Amino acid sequence: MTSIKHRSKKAGLAPGTLIHMGRDKGGATRVDLVQYDETRLEKRPVTALDECLIKKGIPGVTWINVEGLSDVEVLRHFGSCYGIHPLVLEDILATDQRPKAADYGEYLYVVLKMLGVDDGTGEIKSEQVSLVLGQNYLISFQEGLEGDVFEQVRARLVNEKARLRAMGPDFLLHALLDVIVDHYFLILEKLADRIEDVEDELIDNPTTATVQTIYRLKRQMLFLHKAFWPLREVASSLQRRDSQLIRDTTVIYLRDLYDHTVQVLDTLETLREMLSGMLDIYLSSVSNRLNEVMKVLTIIATIFMPLSFVVGWYGMNFKHMPELEWSYGYPVVFVICLVLAGGMLVYFKNKRWL
Amino acid sequence: MTSIKHRSKKAGLAPGTLIHMGRDKGGATRVDLVQYDETRLEKRPVTALDECLIKKGIPGVTWINVEGLSDVEVLRHFGSCYGIHPLVLEDILATDQRPKAADYGEYLYVVLKMLGVDDGTGEIKSEQVSLVLGQNYLISFQEGLEGDVFEQVRARLVNEKARLRAMGPDFLLHALLDVIVDHYFLILEKLADRIEDVEDELIDNPTTATVQTIYRLKRQMLFLHKAFWPLREVASSLQRRDSQLIRDTTVIYLRDLYDHTVQVLDTLETLREMLSGMLDIYLSSVSNRLNEVMKVLTIIATIFMPLSFVVGWYGMNFKHMPELEWSYGYPVVFVICLVLAGGMLVYFKNKRWL
Amino acid sequence: MTSIKHRSKKAGLAPGTLIHMGRDKGGATRVDLVQYDETRLEKRPVTALDECLIKKGIPGVTWINVEGLSDVEVLRHFGSCYGIHPLVLEDILATDQRPKAADYGEYLYVVLKMLGVDDGTGEIKSEQVSLVLGQNYLISFQEGLEGDVFEQVRARLVNEKARLRAMGPDFLLHALLDVIVDHYFLILEKLADRIEDVEDELIDNPTTATVQTIYRLKRQMLFLHKAFWPLREVASSLQRRDSQLIRDTTVIYLRDLYDHTVQVLDTLETLREMLSGMLDIYLSSVSNRLNEVMKVLTIIATIFMPLSFVVGWYGMNFKHMPELEWSYGYPVVFVICLVLAGGMLVYFKNKRWL
Amino acid sequence: MTSIKHRSKKAGLAPGTLIHMGRDKGGATRVDLVQYDETRLEKRPVTALDECLIKKGIPGVTWINVEGLSDVEVLRHFGSCYGIHPLVLEDILATDQRPKAADYGEYLYVVLKMLGVDDGTGEIKSEQVSLVLGQNYLISFQEGLEGDVFEQVRARLVNEKARLRAMGPDFLLHALLDVIVDHYFLILEKLADRIEDVEDELIDNPTTATVQTIYRLKRQMLFLHKAFWPLREVASSLQRRDSQLIRDTTVIYLRDLYDHTVQVLDTLETLREMLSGMLDIYLSSVSNRLNEVMKVLTIIATIFMPLSFVVGWYGMNFKHMPELEWSYGYPVVFVICLVLAGGMLVYFKNKRWL
Amino acid sequence: MTSIKHRSKKAGLAPGTLIHMGRDKGGATRVDLVQYDETRLEKRPVTALDECLIKKGIPGVTWINVEGLSDVEVLRHFGSCYGIHPLVLEDILATDQRPKAADYGEYLYVVLKMLGVDDGTGEIKSEQVSLVLGQNYLISFQEGLEGDVFEQVRARLVNEKARLRAMGPDFLLHALLDVIVDHYFLILEKLADRIEDVEDELIDNPTTATVQTIYRLKRQMLFLHKAFWPLREVASSLQRRDSQLIRDTTVIYLRDLYDHTVQVLDTLETLREMLSGMLDIYLSSVSNRLNEVMKVLTIIATIFMPLSFVVGWYGMNFKHMPELEWSYGYPVVFVICLVLAGGMLVYFKNKRWL
């Protein structure tokens with residue numbers, strides 16, 4: 001919901017105006033640089049952005065990771081060094097982007113959501129990641145939440161024999177996208193767990209809270225759907241070899257990425273259908289319980305109302321009520337009451353209410 | 001709803017017949033002219049429409065803004081000066097147009113809704129905007145509601161270094177469309193606020209009024225859907241370079257506009273799904289409360305009906321009722337009543353009704 | 001519904017067998033002829049169909065309007081004179097046709113529904129109109145209901161300066177289609193009025209009759225949907241210049257017709273979604289009222305059942321009931337009853353049931 | 001449902017294995033042969049299948065109709081004589097085929113459902129019909145239910161001047177398909193009748209039986225949808241001239257067939273939507289009646305519970321109850337009761353419950 | 001659900017990392033080899049995987065069946081022998097694959113679910129099957145559940161005259177796919193049986209358990225839908241002759257396979273629609289029963305509340321109650337009570353509540 005609210009801040013500004021729209025998710029902007037080829041690997045934080053970090057024609061692959069978008073100057077620096085269009089810079093800052101891939105000839109721009117789980121609270125964290133792929137470099141921009149899902153890629157880079165080291169920046173792009181999509185399965189797993197809990201609750205003891213949980217889960221799935229659905233188109237376009245920055249050897253891996261994306265969507269769709277089926281169960285179970293309650297009430301009333309009438313009858317104060325004088329009057333009324341009550345019980349037994 | 005009603009006024013008239021169909025939203029028709037290039041900016045209101053305002057081959061960009069459609073003669077003037085087809089003029093007057101973009105070779109016609117929020121009442125105002133883009137001019141027609149969303153564009157025009165000043169009328173077209181679409185986010189933000197309010201209401205204290213609010217919100221979204229959905233096709237066709245009036249440098253900006261349009265639709269769709277989920281919650285909460293009410297009733301009846309029977313029993317006036325004579329009769333009935341009531345309470349406890 | 005029933009009469013007959021399938025909507029078949037060009041206009045009823053009315057190569061436009069389909073011979077006459085395929089003649093007679101446009105080279109066949117409102121009863125009247133467009137003629141077939149929507153076209157024809165007079169029969173085709181589609185807006189306006197009435201009813205005092213009205217409106221919309229939906233394809237195919245009988249100057253008008261068709265469908269869709277939302281409101285309002293009723297019952301029962309127990313208690317006839325002898329017994333019971341009732345009221349107040 | 005069960009008998013057999021899968025719908029297999037051209041018509045039952053019935057190059061059209069699929073040898077005979085692929089023979093026997101048209105070059109295979117109404121019971125009968133169209137022959141296979149819908153085609157064949165006699169086997173194919181599709185309208189008519197009955201029942205006196213009827217109708221429509229939907233694709237592919245066995249003169253008739261198919265689907269869809277609307281009405285009517293019942297109960301309880309309390313009050317046996325001694329005590333209580341009851345009635349009147 | 005959970009184990013690993021993700025469904029990995037051509041058939045278990053089993057240019061067809069995926073080394077062996085891409089090996093191990101067919105030039109990879117029914121428990125067993133088709137070989141990988149559906153194919157291979165023996169490995173691929181899809185019908189048959197049981201239950205005695213059964217069936221159908229839906233695309237792509245490994249003679253059989261797949265989906269869809277209709281019936285039947293219960297309660301209360309009031313009235317202890325002294329007071333009250341009760345019964349009779 002918050003994303004809708006921040007977007008309106010920009011209404012009417014010139015396109016390409018650089019304003020950081022998201023909540024400020026981190027502290028200072030941090031820039032890390034990794035340069036590698038098959039034989040060499042160099043990692044260092046970048047402290048000063050005086051001159052352009054990557055020169056044309058430099059061999060190997062350069063990966064620059066930017067954490068935190070609050071410092072607009074950093075973005076401007078990269079924009080002028082690598083000829084990134086102001087609209088792309090604007091998109092990097094607008095942290096409610098729909099996932100997309102756009103080919104600008106000189107570079108390829110991919111934006112998507114990185115989802116993670118907070119180790120402490122177990123909450124889902126969402127962060128926008130923008131990737132700019134050039135001839136011999138890849139720049140990744142994160143919103144600046146602590147931690148990211150790229151650790152495993154960094155670990156693989158250290159290994160000299162990793163395929164990653166032998167290939168170009170397009171393969172690094174695939175590696176980063178792949179690890180992001182893989183983490184989507186973690187989120188879906190968490191959701192599946194909670195849906196199973198709700199299922200158990202539905203059968204044991206459904207309450208209004210159960211419905212609210214279902215609603216909240218639905219809302220989360222709406223959010224995930226919004227984040228996942230356009231990704232299919234992104235992966236599909238990358239794999240179609242539209243851009244010359246994607247080498248042929250990488251295409252087969254991007255096809256694999258596409259398969260994963262489709263699977264993520266399939267799983268999400270299955271979970272959604274399961275959820276919507278649950279509401280039907282809930283409603284039918286509520287209706288059933290109402291039926292049960294009403295049966296109890298009706299049985300009680302149907303047994304005791306006639307009985308009360310009978311005893312009220314002989315509580316009347318008429319002078320001339322012959323039964324009152326009879327010596328067997330009292331036991332006869334007792335029998336009448338027993339028969340009435342028993343008859344009712346048999347009737348309800350036949351109606352299967354008991 | 002009103003739009004449907006006005007449309008029928010025209011049934012059977014020759015195509016191209018100029019009749020103002022909308023409610024009269026403003027007073028007199030006002031024409032404003034802005035002429036600019038990189039070095040020069042001239043603004044003036046136009047009082048007399050004796051001769052054509054723009055000559056062929058005039059350098060720079062001319063932007064004519066027409067407010068108010070009640071004076072059909074003004075339209076006819078523009079029609080004959082710039083060769084605008086009578087059907088286009090008719091469309092400008094028919095203020096219930098579906099958003100569309102049509103290429104007439106010499107000029108490009110774009111029509112869409114401009115939405116704004118009234119500063120005083122907070123109500124949503126809607127107005128049809130028609131844009132006619134020619135080789136060196138852009139004419140915009142508004143229905144004439146006070147105020148428009150173009151102020152920010154006018155402000156940017158004043159700035160000599162603005163990209164807007166250096167580019168053609170197609171870039172001005174983009175600027176106007178962009179600011180209109182940006183204001184859609186404001187409307188969506190307002191809707192999101194109200195949906196959040198309804199959500200809170202649903203959990204705290206849902207009433208029939210809540211359902212009526214949901215229904216009204218749904219209706220507004222139907223209206224917005226009708227206004228936004230065709231826009232996607234409009235933005236897409238503009239960006240596809242179908243018209244020679246769109247310069248290559250502007251295309252990248254129109255692609256950005258297309259992205260915004262898709263995002264507007266996405267957000268609207270998300271809000272709609274949230275709303276429809278709410279009705280389910282409401283219904284299940286109503287069912288639940290009914291259950292609660294019925295439980296209270298059943299518990300009361302189930303406890304007091306047997307008790308009333310017992311005390312009624314000893315209110316009978318039979319001559320021969322031995323218990324009445326016993327000295328412990330009264331306390332025994334007291335104990336029986338206690339046990340009956342206690343037993344019922346335990347029963348309901350076990351059924352988790354309490 | 002009736003259309004389904006008449007169709008089965010024809011099962012198994014040879015294709016092209018001419019049988020009038022619809023209800024007989026009018027009396028005798030009437031043929032009217034209008035011949036015009038820019039300078040000349042001649043109108044006359046045709047009484048005898050001895051020879052073909054239009055010769056090849058005759059200048060100007062000939063419009064033959066046939067009212068009433070009961071006389072199959074008339075159709076056969078037109079079939080043999082202008083080489084109309086027997087299947088087309090069969091379609092003209094089968095008055096439950098789906099709207100369509102089919103190009104037979106020599107002529108173009110368009111069939112659709114003409115809807116009107118009966119001035120007296122306000123009922124919607126529906127009639128099938130078939131249009132056969134040739135090189136220099138247009139033949140229109142109506143089912144023969146009194147009155148049609150073409151009067152305005154006839155009135156425009158009288159005017160010598162009308163564009164209609166200067167153009168070919170394809171422009172006449174457009175004029176007739178346009179006036180038919182324009183009248184659809186009248187029908188939609190009527191529906192919108194009734195929907196607004198239902199909305200008011202829903203909020204004021206919803207009854208079962210309201211639901212039945214909603215259902216009837218839905219059914220009417222199903223009928224309209226069936227009549228309107230294929231029209232979009234018809235208008236689209238006409239505008240695509242598939243036929244050589246459509247001149248280039250007419251195409252722009254047919255594009256306008258297409259826009260109107262889309263708008264008709266859009267409006268119908270909006271009305272349908274509004275209707276389906278209403279049923280939800282109705283159901284939730286019924287549930288709410290049930291809740292209200294049950295609350296009243298529960299409050300009454302919860303207050304008076306314990307009270308009745310108390311007074312029943314002291315109606316017992318035990319010999320030894322000390323309270324009965326106490327001089328303050330009666331007032332104490334009075335106070336107990338007051339406290340019980342008051343306590344219940346406070347309890348319901350807290351539960352917000354009051 | 002039965003079709004699902006028979007299909008599994010074949011699991012794992014080699015493709016082209018000939019096993020009759022359907023219920024045995026008839027007795028012995030019967031083969032009838034009709035040979036005709038413009039001048040000649042010969043009909044005879046075939047008793048022995050020693051040699052191939054149709055030689056290549058025989059003039060005129062040969063139509064072989066096979067009734068009953070229980071004798072697999074007959075199928076094998078036709079397979080070897082006319083080079084029909086084993087998979088096609090298998091499809092002919094598998095009587096739960098989805099309607100389809102497949103072009104095998106030498107011949108064209110069309111399979112669909114023939115629906116009829118049993119004259120006695122009024123039940124719908126369904127039978128699979130396979131049609132194999134060759135250069136100069138057409139073979140039709142039926143499951144063997146008594147009677148078929150082809151009688152009318154046979155009658156038309158007798159007529160020497162019928163177009164059917166002058167044209168090739170592809171026109172005969174159209175004639176058979178056309179008569180089958182025409183009979184679909186009969187089925188839809190029956191359904192429409194029953195739906196109208198259900199509508200009346202819904203308004204007069206809806207019961208659980210009504211819902212079960214709606215469900216059964218829905219199920220029948222599911223079956224029809226399965227039978228009709230693929231037919232659209234069949235008719236469309238035939239009309240597209242994909243096969244060289246379809247002559248140009250027949251194409252226009254197949255286009256007509258396609259139109260009928262679309263109309264069948266349209267009508268079915270309309271009936272389905274009507275049915276689904278009915279369930280909503282039923283549910284709302286049930287809710288309404290519950291409301292009515294509850295109102296009666298509440299009114300009764302609200303009137304008599306306070307009254308019972310009052311009379312119970314004066315049934316107490318306290319020694320000191322001054323009212324009991326008053327000479328106007330009894331009439332005063334009478335008035336109190338009248339006022340209480342009257343007040344309640346006014347209250348319910350105001351609430352519009354009465 | 002379990003499949004979602006295992007997938008997350010792999011998040012962040014390098015693509016092509018071989019980890020067995022599924023539950024361990026069997027014991028040791030077993031490899032069986034069948035080599036055949038028209039004259040020869042050799043079957044043997046493979047115990048040692050020292051060298052590649054199939055040499056290039058070996059005549060005839062080699063079918064290697066691998067049961068059990070726990071031994072990753074076996075996979076690696078096949079990968080290096082036949083040049084299978086690491087990503088394919090990874091897919092073979094990841095046992096939650098979406099069915100797909102991918103052409104890698106040298107070989108074709110097809111993955112899908114094999115469903116079977118456990119003979120003992122009647123439970124549905126699911127297992128992933130991967131098929132790798134090469135120029136002269138086919139390798140099938142199963143998860144290792146005991147038993148498979150291929151027995152019938154093995155039996156057909158023994159028969160020297162079987163078409164299977166005369167054709168290439170692509171025909172074997174078809175045979176395996178065909179038998180897998182044929183077994184889907186068995187599963188659907190089981191589901192159809194259970195749905196019919198639920199239908200009977202719904203009409204006889206619907207309980208909450210019925211709804212839970214419906215929900216469980218829905219969930220199973222979701223699973224089947226996920227397994228079947230992509231298969232359509234698989235069969236369609238195989239039949240389109242995209243790969244050169246598919247010979248022309250096999251294409252017609254693959255088209256047949258495609259038809260079966262479509263039929264499987266059709267049947268599943270029909271079953272799903274039947275199920276969703278059932279829930280509506282259930283809800284309406286529950287509502288109806290509630291109505292019945294409430295009518296009983298209301299009838300009882302409406303009859304006995306006024307009666308109780310009457311007898312309570314004459315239980316009052318006023319000194320001056322003239323009726324009590326009347327000698328006909330008692331019989332008159334008796335008659336009043338009879339009339340009251342009778343009147344109520346007539347009233348309910350008229351309301352059709354009885």
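Below, read A as the first sequence line, B as the second, and so on, with proteins coming before strands; counting in each chain starts at 1. Values in this document were obtained by computation on a predicted structure and should not be read as measured data. Heavy atoms only: backbone and side chains are in, while hydrogens, waters and symmetry mates are out.
- Salt bridge B/Arg98/C/Asp266: present, at least one basic N to carboxylate O contact under 4.0 Å.
- Taking 4.5 Å as the heavy-atom cut-off, the residues of residues 277-284 of chain B that approach chain C are B/Leu279, B/Tyr282, B/Leu283, ordered by number.
- Contact tally against chain B (heavy-atom pairs below 4.5 Å) for C/Arg163, C/Arg352, C/Lys190: the top residue is C/Arg352.
- C/Arg154 pairs by the salt bridge (charged side-chain N to carboxylate O under 4.0 Å, His left out) definition with C/Asp148, C/Glu151, not counting sequence neighbours.
- No other option in B/Thr208, B/Ile300, B/Val293 has as many heavy-atom pairs under 4.5 Å with chain C as B/Val293.
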Pairs of donor and acceptor atoms involving the side chains of residues 305-315 of chain C, under 3.5 Å and at least two apart or interchain, shall be tabulated with distances.
unit_1: C/Ser308; atom_1: OG; unit_2: C/Phe304; atom_2: O; d: 3.0
unit_1: C/Trp313; atom_1: NE1; unit_2: B/Tyr330; atom_2: OH; d: 2.9
unit_1: C/Tyr314; atom_1: OH; unit_2: C/Glu323; atom_2: OE2; d: 3.4

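- Both the backbone and the side chain of C/Ile203 come within less than 4.5 Å of a heavy atom in chain B.
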>> Set out, in order, the CA-CA distance, both residues' side-chain angles and the distance that settles side chain to side chain contact (heavy atoms under 4.5 Å, CB included) for B/Lys100 and C/Val262, then state yes or no.
In response: CA-CA 11 Å; B/Lys100 69 176 172 183; C/Val262 171; over 6 Å; no
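- With a 4.5 angstrom heavy-atom cutoff, C/Ala175 does not touch chain B via any of its atoms.
- When each of C/Asp259, C/Val181, C/Leu290 is checked for heavy-atom pairs under 4.5 Å with chain B, C/Asp259 comes out on top.
- The environment of CZ in C/Arg156 is crowded: more than 12 heavy-atom neighbours from other residues, nucleotides or ligands sit within 6.0 Å.
- Considering all non-hydrogen atoms of both residues, C/His320 and B/Glu325 come closest at NE2-O, 3.7 Å.
- Not a single donor-acceptor pair under 3.5 Å links the side chain of C/Asn288 to the backbone N or O of B/Thr207.
- For the side chain to side chain donor-acceptor pair (under 3.5 Å) test, residues two or more places apart in sequence or in another chain that qualify with B/Arg76 are B/Glu73.
- At a 4.5 Å heavy-atom cutoff, the contact between B/His85 and chain C is made by side-chain atoms alone.
- Ranked by heavy-atom pairs under 4.5 Å with chain B, the list C/Val179, C/Ile180, C/Ile299, C/Ile252 is led by C/Ile252.
- Across all non-hydrogen atoms, the minimal contact from C/Asn291 to B/Val286 is ND2-O, 3.5 Å.
- The nearest pair of heavy atoms linking C/Glu273 to B/Arg272 is OE1-NH2, 3.1 Å.
- A salt bridge between C/Glu199 and B/Arg219 is present, with a side-chain N of the basic residue lying under 4.0 Å from a carboxylate O of the acidic one.
- The cationic group of C/Arg255 lies under 6.0 Å from the six-membered ring centre of B/Tyr104 and within 45° of the ring axis, placing it in a cation-pi geometry.
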